[in-house]
S.K.: 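Input: one structure, supplied below.
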Amino acid sequence: MKLSRPWTTLLAGLLVLAAAAAWAQPDLRRWIPLAKDGLHDPASPGTRQLQEPRDALARLAADGAGNQVRWVQALERGEIAPRANLLEGTEVRLREDDILLNLNGGTPIVRFPHRAHTLWLDCSNCHETPFVSKTGANKLDMRRILQGEQCGLCHGAVAFPLTECNRCHSVPRASRGGGPAAGHVPAAPKARP
Amino acid sequence: MIAAFARLAVLAALVAAAAFPASAEYGDVVLNHRSEAEGVRPVIFPHWFHRIRFRCKVCHSELGFRMRAGANVVTMKEIVDGKFCGMCHNGQIAWAPDRCDLCHSGRPGLKPGIQGGHSTLGPGVW
């Protein structure tokens, strides 16, 4: 099919407009100013001097929950560069494997990524309390998590909240058949920084 | 007509509620076990501010802060001596402990604990 010149121009124009609209997606995130957040005292001289959440968070990878920031993504993309240690002698440890949990439950399987967790945390933050270092040995219980125990020590307090079910329960269940209670998935062989 | 208006009002309220959540930034911690008893405002500790600059492991592994709100009762003497907050808040890495108002900026009467715009610590605590 051959298009006449005005039609080609119009089509090209529409394409450019569509691309511009897709690129300029408005950021609908809003952060409450400190003086109105119900915690900071508007009468305190400090409140006016502190950094506003909007000024720090608006440029970081967007999320719909928590601080409205995808913290792991912001870190992986280099949007933030938080220090990993203060003391010179501290060993900064990173672990890359995944653990599959909830293999026999009704909800989708949980893929626990060690990498996303050890980018932020040290092994000792989770092991051996509250979790023992043995695949399948930790009896995770959603009720306890919702009470602020186990994963709920962070998720629901500072890490993404417990309303985000499918971020943990992320692996579709192929069949309802039996199997081990938990599985270990070694790190992908590809090298990551 | 009235029904349509009511529907519109409910929708507007829902949109407003989504756009402007009712309380603090997610992960903010109020420290007030001792502050007001000692005559200063409560401390508002913002997790978001700190995690832009430090990974969790710095405070929760190197500095010894336990990962449970209320489990860390820190005194000004410890901070001035360079422990806990004082590892950074020493005038070298972050502002020194003589800048009282920058940390002690909370409204009077706040209860200690973790706050946030979303559910915190789950329905067991609601």
S.K.: Tell me, side chain or backbone of A/L119 under 4.5 Å from chain B's heavy atoms, or both, or neither?
M.R.: both
S.K.: Please step through side-chain contact (heavy atoms from CB on, under 4.5 Å) for the pair B/D101 and A/Q49, ending with a clear verdict.
M.R.: CA-CA 9 Å; B/D101 284 325; A/Q49 297 180 53; 5.8 Å; no
S.K.: Please look at B/C88 and chain A and tell me whether the side chain, the backbone, both or neither of the residue comes under 4.5 angstrom of a heavy atom of that chain.
M.R.: side chain
S.K.: If I measure from the heavy atoms of chain A, does B/L110 come under 4.5 Å with its side chain, its backbone, both, or neither?
M.R.: side chain
S.K.: Taking B/E25 for the side chain and A/P53 for the main chain, is one N or O donor matched with an acceptor at less than 3.5 Å?
M.R.: no
S.K.: Tell me whether B/K57 contacts the main-chain N or O of A/T118 through its side chain, where contact means a donor paired with an acceptor under 3.5 Å.
M.R.: yes
S.K.: In sequence, state the C-alpha distance, the side-chain angles, and the governing distance for B/M67 and A/L121, and then conclude on side-chain contact (heavy atoms from CB on, under 4.5 Å).
M.R.: CA-CA 11 Å; B/M67 292 164 69; A/L121 293 157; 3.9 Å; yes
S.K.: Which bit of B/R53 is near chain A, if near means a heavy-atom gap under 4.5 Å: side chain, backbone, both or neither?
M.R.: both
S.K.: Under 4.5 Å heavy-atom distance to chain A, tell me which part of B/R99 shows up: side chain, backbone, both or neither.
M.R.: side chain
S.K.: Do the side chain of A/N125 and the main chain of B/H60 share a donor and acceptor less than 3.5 angstrom apart?
M.R.: yes
S.K.: Looking at A/W71 and B/W48, what are the two nearest heavy atoms and their distance?
M.R.: CH2-O, 3.7 Å
S.K.: Is there a side-chain contact between B/I114 and A/V158, using heavy atoms and a 4.5 Å cut-off?
M.R.: yes
S.K.: For a quick test of reading the model, state the closest non-hydrogen atom pair linking B/Y26 to A/F160 and the distance between them.
M.R.: OH-C, 3.8 Å
S.K.: Could you walk me through whether A/L57 and B/F49 satisfy the side-chain contact (heavy atoms from CB on, under 4.5 Å) test, starting with their C-alpha distance in whole Å, then the side-chain angles of each, then the deciding distance to 0.1 Å, before giving a yes or no?
M.R.: CA-CA 9 Å; A/L57 304 180; B/F49 180 95; over 6 Å; no
S.K.: State, with a plain yes or no, whether a side-chain heavy atom of A/N67 is found less than 4.5 Å away from one of B/H47.
M.R.: no
S.K.: Taking the side chain as every heavy atom from C-beta outward, state whether B/R107 and A/S44 have any atom pair closer than 4.5 Å.
M.R.: no
S.K.: What part of A/R93 gets closer than 4.5 Å to chain B, counting heavy atoms only: side chain, backbone, both or neither?
M.R.: backbone
S.K.: Which region of A/A74, side chain (C-beta onward) or backbone (N, CA, C, O), has a non-hydrogen atom less than 4.5 Å from a non-hydrogen atom of chain B, or is it both or neither?
M.R.: neither
S.K.: Tell me, side chain or backbone of A/E79 under 4.5 Å from chain B's heavy atoms, or both, or neither?
M.R.: neither
S.K.: Please flag which part of B/H50 lies under 4.5 Å from any non-hydrogen atom of chain A: side chain, backbone, both or neither.
M.R.: neither
S.K.: Is there a side-chain contact (heavy atoms from CB on, under 4.5 Å) between B/I44 and A/L50 once you walk through the steps?
M.R.: CA-CA 11 Å; B/I44 312 298; A/L50 296 169; over 6 Å; no
